[in-house]
Amino acid sequence: MLRAISAGIRHVFTRRDYLNRINVFPVPDGDTGTNMAFTFKTILESGASAQQQRVDALMQHIADAALDGARGNSGAIMAQYFHGFSDAVSGCRLLTAADFSRASVAGAEAAWSAMSKPVAGTLPTVLNDFSAELARQVSNGVQDFRALMKAGLDRARRSLANTPNQLPALRQAGVVDAGGQGFVDLLEGIWAFIESGEMDEVTLEMGLSAPLEAANMEAADHRYCTECLIEGTQLDRDAVMRRIETLDSSSLVVAGGRERIRVHVHVNNPGELFLLCEEFGSITQQKADDMHRQHGLMNQPGQVAVVVDSGADIPPAEIDRLGINLVPVRLSFGDREYLDRVSMTSAEFYTMLAESAETPLTSQPPTQDFARVYSLLTSHGYDVVSVGLSAQLSGTIEAARQAARRQPEGRVQVFDTRSASAGQGLLAMLAAEAAERGFNAAEILALLEEAAPRTRVMAITDDLAWAVKGGRVPAWVHRLTRLMQVNPLLTASREGKISLGGIHRGTRARPQALARSAARKMKPDSMYRIVIAHANHPQGAVELRKAVLKLHGRIHSCHVSEAGPALGVHLGPGGLIIGFVPQPEALN
């Protein structure tokens, strides 16, 4: 049983890019193949260590793994199919044809129940037709698994071919349902194993084809494909679904059982969903992918996509203009976790910082957050340049490197900026502009290698106590500066560490003083790009910008951005930061 399922999963892996290309429903975001691969990959990895000698124990193991790894609409539906199947074989040491048929019917019914608004012509339709055929064959006396699976596969193929007749969006695009195709691919891998005893050689070196044309396709009404895993005791899946249905949402799928529930839904406010789900239990996983950005991949120019973590304080308008892909930093107040710029805005962060007795903590994005973004981009045919926070300041870049190693060799390059915040953001913006102009990955990396040593970052705090709390500055430095009535100028060293770059008179953040310090480091005859980030201090940022523009006239651009939690936790409210880099000749 385990080998047969593994064979099916391996076959789905070889079909991942095709599934992405035909993905048009519920939204044309080109990620069904990637989501099914993520979901099944967890089963494959979990199955490698499975020691169960009973079918019921094995299927419970697979159902749990599917729920852990479920991604996207199709992944959540398949996880619920496996849960229904597992519940139906409880108590079975071995599996007869009748048991298999009964369990598959239960799985298909569970898959339908997982959807808030079931739609004919999608994955559950194919699951249902396959299972109904198994039941029909068993009722006619079929006991042989080979005959049973062959009949079921033939029926699933016919069901898949009929999906465009049931769903106008598929008929308009001239494709079958991508989730249904993924299930048929799973069955075909299993059937090939039954016939030959052999499995596909799984490799991530998969041939990439152009994604579907974006013509006649519109982005989703709701922006974020949002998921979380709820853990608790005596969870009520129906109650969770009814509660989420009160939100402005679409494509809701709720899968799982009494102890763990996977929620998949499209919303505009992920934070609202996460708070709602916490009413039922603890959230142990959460993510929100920007579907508007994913839809834009179909028309994004160039052959390279740029990825950066949200600790790079890039103005939102520039993120959108340049098509930069953002991986959110994690933030926690007590036992509640948030996603930077997704479930918590910078303004909300500073409000909580002022009102909460809890000391907030930031944590690097987990490896799977980077892996999900990389897989989406490479599946659309892009090479990836990931522009990382200094390795001397955080383990974020190591998480990015681990995720890159899961991709085909050479498809994802991770660059250590040896900088932070505005400096990292500037380098990511340079990389994105170069990608837009058609630079390849090697040319972009060469550009970054040249620009990184010339990038400077300077920061001042309004209260150095925050930097002490965050571990960036020793406590004795705070005591000494208060005694001397001075404010240290913090900077990123050439090695990527935070160091002392000078001092300003007074203990508060002074925009004019920071502007003078920055201007002294700028060559008079060079053109500069500047990013200014402020920690809930917009007026100070405006004063800093005006002062810098007066002191140095050769400015290519000077953007102002609100500093996110990754910086705000350490800089504290009122802090200011400025990053600047000479305009590269290659982008003139």
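Predicted model, so just to flag it, every value in this text is computed and none were measured. Computed from heavy atoms alone, side chains included, the values below leave out hydrogens, waters and symmetry copies.
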| From CA spacing to verdict: side chain to side chain contact (heavy atoms under 4.5 Å, CB included), Met429, Val531 | CA-CA 10 Å; Met429 291 161 66; Val531 167; 4.1 Å; yes
| said: One pair to check against side chain to side chain contact (heavy atoms under 4.5 Å, CB included): Ile397 and Val414. What are the steps and the verdict? | reply: CA-CA 8 Å; Ile397 197 168; Val414 179; 3.6 Å; yes
To the nearest 0.5 Å, atom CD of Glu337 lies from atom CE of Met344 at 11.0 Å
**Study point:** Donor-acceptor pair, side chain of His504 and main chain of Ala509, under 3.5 angstrom
**Key:** no
Any salt bridge between Arg321 and Glu433, counting N to O under 4.0 Å? yes
For the pair Phe333 and Phe349, name the ring-plane relationship: parallel under 30°, tilted 30 to 60°, perpendicular over 60°. tilted
Got a salt bridge between Arg405 and Glu398, using NZ or NE/NH1/NH2 to carboxylate O under 4.0 Å?
yes
Look at Lys546 together with Glu543 and state whether they make a salt bridge at an N to O cut-off of under 4.0 Å. no
Check your understanding: Taking it one step at a time, do Cys277 and Gln286 satisfy side chain to side chain contact (heavy atoms under 4.5 Å, CB included)?
Key -> CA-CA 11 Å; Cys277 289; Gln286 56 180 306; over 6 Å; no
Taking C-beta and beyond as the side chain, do Tyr338 and Pro565 meet within less than 4.5 Å on heavy atoms? no
- Task: Start with the C-alpha gap between Leu489 and Thr491, add the side-chain angles, then the distance that decides, and say whether side chain to side chain contact (heavy atoms under 4.5 Å, CB included) holds.
- Result: CA-CA 7 Å; Leu489 175 68; Thr491 186; 5.6 Å; no
Original post:
Is there a donor-acceptor pair under 3.5 Å between the side chain of Arg243 and the backbone N or O of Leu276?
Top reply: no
- Report the relative orientation of the aromatic rings in His264 and His266; use parallel for angles under 30°, tilted for 30 to 60°, perpendicular for over 60°. perpendicular
Within a radius of less than 6.0 Å around CD of Glu348, do more than 12 heavy atoms belonging to other residues, nucleotides or ligands occur? yes
Heavy atoms of His222 and Met291 approach each other most closely as O-CE, 2.9 Å
